[in-house]
Structures are given as C-alpha cells and as structure tokens.
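The structure under discussion appears below in the form of structure tokens.
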2 protein chains.
Amino acid sequence: MPIHDPSWSAYAHAVLEDAGHRRGGARDEVIDLLAAQPCAVSAHDIEGALRQRGRPIGRASIYRALDTLAEHGLVKRLDLGRSEACYEPARSDGHHHHHVVCEMCGTLTAFDDPDLEDAIDRLGDRLGMRIDDHDVLLRGVCRNCGGPGPR
Amino acid sequence: MPIHDPSWSAYAHAVLEDAGHRRGGARDEVIDLLAAQPCAVSAHDIEGALRQRGRPIGRASIYRALDTLAEHGLVKRLDLGRSEACYEPARSDGHHHHHVVCEMCGTLTAFDDPDLEDAIDRLGDRLGMRIDDHDVLLRGVCRNCGGPGPR
DNA sequence: GCAAGACTAAGACTCAGTCTCATTACGCCC
DNA sequence: GGGCGTAATGAGACTGAGTCTTAGTCTTGC
Ligand SMILES: [Mn+2]
Ligand SMILES: [Mn+2]
Ligand SMILES: [Zn+2]
Ligand SMILES: [Zn+2]
C-alpha cells in the first residue's frame with residue numbers, strides 16, 4: 001500500500017456522495033489523513049496529527065467520520081488489545097491484511113496469508129452461517145525483542 | 001466443556017498456590033464462578049452474578065483476580081467488539097475455541113477448527129517470529145436471524 | 001499466637017468514546 | 001448570485017469500563 005493512497009481517498013468520497021452524504025471539512029481531513037497511513041491509527045493519533053497539521057478537528061467529528069466510513073465498509077476498526085481502538089482504510093476489492101503485535105515492545109506488524117483466509121472461508125459452510133467479516137490478531141515476540149529468525 | 005469444571009478450578013488454585021499466591025475469598029469466588037460458565041462472561045456479569053449469589057465482591061478485586069489469572073494463562077481475555085471485555089477459563093492442555101458473533105442479535109457461538117489452527121501455526125515460521133497466542137473473531141448472521149443453512 | 005505482607009472493599013479517579021445543542025456551511029432551487 | 005432546508009461541525013458535558021489509592025482484614029509461616 002503506498003504511503004498516500006489517492007485511489008482509496010477518491011473511492012471513499014465517491015461512495016459517500018453516492019450514499020447522499022454532503023461534503024464537510026472535518027470528514028475530508030480524516031479521509032485525507034487515513035489515506036496517508038501505512039497501518040492502523042487511533043482516533044487520538046488522528047486528532048493529534050490533524051492538530052499538528054494546523055487543522056484541528058473536534059473529537060466528535062473524528063469519531064463521527066470514522067463511524068460513517070465504517071458503516072460503508074470504507075474503514076476497518078481494530079481492537080488490538082490496547083485501551084483505544086485503531087482504524088485503517090479498507091480497500092474496495094476486499095484485499096486486506098491482519099496483524100501481529102509484539103508482547104515486548106508493542107510493535108504492530110502486518111501480514112497476509114492466503115491459507116488462513118481459505119481456512120476462514122471454509123468455516124462459513126461448516127458452521128452453516130453467513131460470515132461477513134473476521135478479525136485475526138497474533139501475539140508474539142518480534143525479532144528486535146529476541147524472537148527466533150536469522151539474527 | 002461441562003457447566004461446572006472442577007478440574008479447571010482445581011488446576012487454577014494449584015497454579016496460583018505454586019506461584020506463591022495466598023488464598024483469598026474474593027478470588028476464590030471469581031474462580032468458582034468462572035468454572036461454572038459455558039462461555040465468555042464480562043467483569044460486570046461476574047460482579048452481578050456474585051452479588052446475586054449473596055457474595056458481593058468489590059469491583060477492583062474482580063479485575064485483580066482476572067488479571068492474576070490471565071497472567072498465569074488461566075483465563076483468556078476476549079475483545080468481542082463490545083464496550084466491555086469478556087473472560088473465559090483457559091484449559092491447561094491448550095485446547096481452546098474461537099467465536100462468531102451475530103451482527104443482528106449479538107449471540108456468541110463457539111467453534112473450533114483444526115485447519116484454522118494449522119494455518120496459524122504455520123504462520124509463525126513464515127513470519128520468523130515466535131507466536132504465543134492468537135485471537136480469531138468472526139462476524140456474521142446466525143440461523144435464527146436469517147443466515148443460510150437448513151431451515 | 002504473632003507478625004509480615006498478601007488480599008480485599010469502597011470509592012475516587014482516568015480517559016476513550018458518546019451525546020447535546022448551538023452554530024456553520026453544503027448543495028439544491030429559484 | 002441569494003435563500004433555504006438540513007447535514008456537518010465543534011465545544012464541552014457526560015458515561016462507564018477499568019484503574020488506583022488507601023485503610024483495614026485475612027493467610028500463612030514461624
Ligand atoms: Mn483475513
Ligand atoms: Mn486458535
Ligand atoms: Zn518487539
Ligand atoms: Zn443472531
């Protein structure tokens with residue numbers, strides 16, 4: 001994912017307009033900031049970044065924007081076991097990744113794994129339920145913190 | 001899992017004693033209550049159940065007990081996307097299940113799936129990290145709420 | 001039994017997230 | 001371009017799960 005993803009940004013604006021939403025400065029800023037994130041960020045991260053960018057946005061507006069985006073499947077809300085939730089853009093083609101969090105330093109690493117996705121897809125049938133979405137979160141020790149792997 | 005699992009309860013007490021913990025009424029009640037749960041419960045569920053049982057326990061003691069148990073791998077803390085976390089006993093042999101939550105009615109269903117576990121196990125190698133633990137949460141629509149499956 | 005210190009209860013406190021409501025401004029119609 | 005209905009916004013009060021503090025109680029080894 002490029003550091004700034006104008007395609008996601010444009011797509012998000014298109015979906016919202018299509019759904020009858022008006023345009024507003026606050027939500028536009030949130031969308032613009034999310035498009036520039038390589039990985040998940042918290043609402044407070046967003047608030048801080050926008051303030052630093054010289055465009056402070058009310059907390060309520062940030063949460064409202066995130067809710068609206070999530071309702072349209074444009075962002076994914078992540079519970080990473082921290083005190084606050086994180087959010088990241090969701091691609092229109094459904095391609096996505098999951099995360100490993102280091103138990104020592106808290107570093108978040110993204111990965112994606114087709115075998116895992118296949119296993120989850122097969123589960124829908126096995127359970128006789130329609131599965132719309134899934135979260136996977138691994139906890140471990142990253143290389144910096146002494147995990148295995150080529151030293 | 002039986003509705004009351006004395007083996008887990010005994011195991012938990014043994015582990016704690018072994019780790020040098022003294023015994024106390026509050027934590028004993030929490031352990032006893034957890035041992036009787038078929039699936040995950042929240043701290044508030046526990047508080048209410050113990051109050052109703054005629055043995056009200058301070059909120060801080062409940063959280064302290066849950067933290068202690070989690071530190072020793074005796075309970076698993078679950079973020080189910082609700083406002084509060086849930087907790088369930090963790091078996092000593094590592095056998096565990098994951099959950100599907102119904103987006104309509106909120107019902108929690110447990111499942112376990114060896115293929116999924118295998119895929120996750122293989123991931124450790126692929127990532128070059130030691131993976132200690134993992135969460136999987138599916139979201140979908142249960143049969144009662146109109147999901148697929150034999151009507 | 002006694003003492004050290006682990007455990008507990010009550011409630012003050014924190015802080016992510018929600019709600020309210022007065023104000024602003026988007027977008028459609030004329 | 002100007003007006004209007006209404007969606008979007010910001011400030012800050014509020015909620016509630018979870019944490020911290022502190023004074024008092026109970027376990028356990030001696
Ligand atoms: Mn996936
Ligand atoms: Mn598993
Ligand atoms: Zn690390
Ligand atoms: Zn349901």
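The side chain of A/Tyr63 contributes an N or O atom lying less than 4.0 Å from OP1 or OP2 of C/dG17. A sub-4.0 Å separation between OP1 or OP2 of C/dA9 and a side-chain N or O of B/Ser61 is present. Between B/Arg64 and C/dA10 there is no side-chain polar atom (N or O) within less than 4.0 angstrom of OP1 or OP2. At the phosphate of D/dA7, neither OP1 nor OP2 sits under 4.0 Å from any side-chain N or O atom of A/His21.
Between A/Leu16 atom CG and D/dA7 atom C1' the separation is 13 Å, expressed in whole Å. Nucleotide D/dT27 holds its C1' atom 14 Å from the NE2 atom of B/His13, rounded to whole Å. In this structure, A/Ile57 places its CD1 atom 13 Å from C1' of D/dA11, rounding to the nearest Å. If you measure from atom CG of A/Leu66 to atom P of D/dT9, you get 12 Å, rounded to the nearest angstrom. Here D/dA17 presents its P atom at 16 Å from CG of B/Asp67, a figure rounded to the nearest Å. Atom CD in B/Glu47 sits roughly 13 Å away from atom P in C/dG11 (whole-Å rounding). The separation between A/Ile46 atom CD1 and D/dT9 atom C1' is 16 Å, rounded to whole Å. The nearest whole Å value for the distance from the CD atom in B/Glu84 to the P atom in D/dT19 is 13 Å.
You won't find any donor-acceptor pair under 3.5 Å spanning the side chain of A/Arg59 and the base of D/dG12, going by distance alone. Between the side chain of A/Arg27 and the base of D/dT9, no donor-acceptor pair under 3.5 Å is found.
Contacts of B/Arg23 with the nucleic acid, taken as non-hydrogen atoms under 4.0 Å apart, involve only primed sugar atoms and P, OP1 or OP2. Among the atoms of the strands shown, only primed sugar atoms or phosphate atoms (P, OP1, OP2) are found under 4.0 Å from some heavy atom of A/Arg55. Residue contacts shown for A/Gly25 are limited to sugar-phosphate atoms, with no base heavy atom under 4.0 Å away. Within 4.0 Å (heavy atoms only), B/Ala26 reaches sugar-phosphate atoms of the nucleic acid but no base atom. Nucleic acid contact for B/Ser83: sugar-phosphate only, since backbone atoms but no base atoms lie under 4.0 Å from a heavy atom of the residue.
When each of B/Arg22 and B/Ser42 is assigned the nucleotide of DNA chain D bearing its nearest heavy atom, the one mapping closer to the 5' terminus is B/Ser42.
To the nearest 0.5 Å, atom CD1 of residue B/Ile62 and atom OH of residue B/Tyr87 are 10.5 Å apart.
Considering only side-chain atoms of A/Ala60, the nucleotide from D/dC20, C/dC19, D/dG18 that sits closest is C/dC19.
A/Glu17 has no carboxylate O lying under 4.0 Å from a charged side-chain N of A/Arg22, or vice versa, which leaves the two without a salt bridge. Between A/Glu88 and A/Arg77, no side-chain nitrogen of the basic residue sits less than 4.0 Å from a carboxylate oxygen of the acidic one, so the salt-bridge criterion is not met. Using a 4.0 Å cut-off between a side-chain N of Lys or Arg and a carboxylate O of Asp or Glu, B/Asp133 and B/Lys76 qualify as a salt bridge.
Remark: the B/His13 side chain and the B/His21 side chain contain no N/O donor-acceptor pair separated by less than 3.5 Å.
Of the possible donor and acceptor atoms, one in the side chain of B/Asp45 sits under 3.5 Å from a partner among the backbone N and O of B/Ser42.
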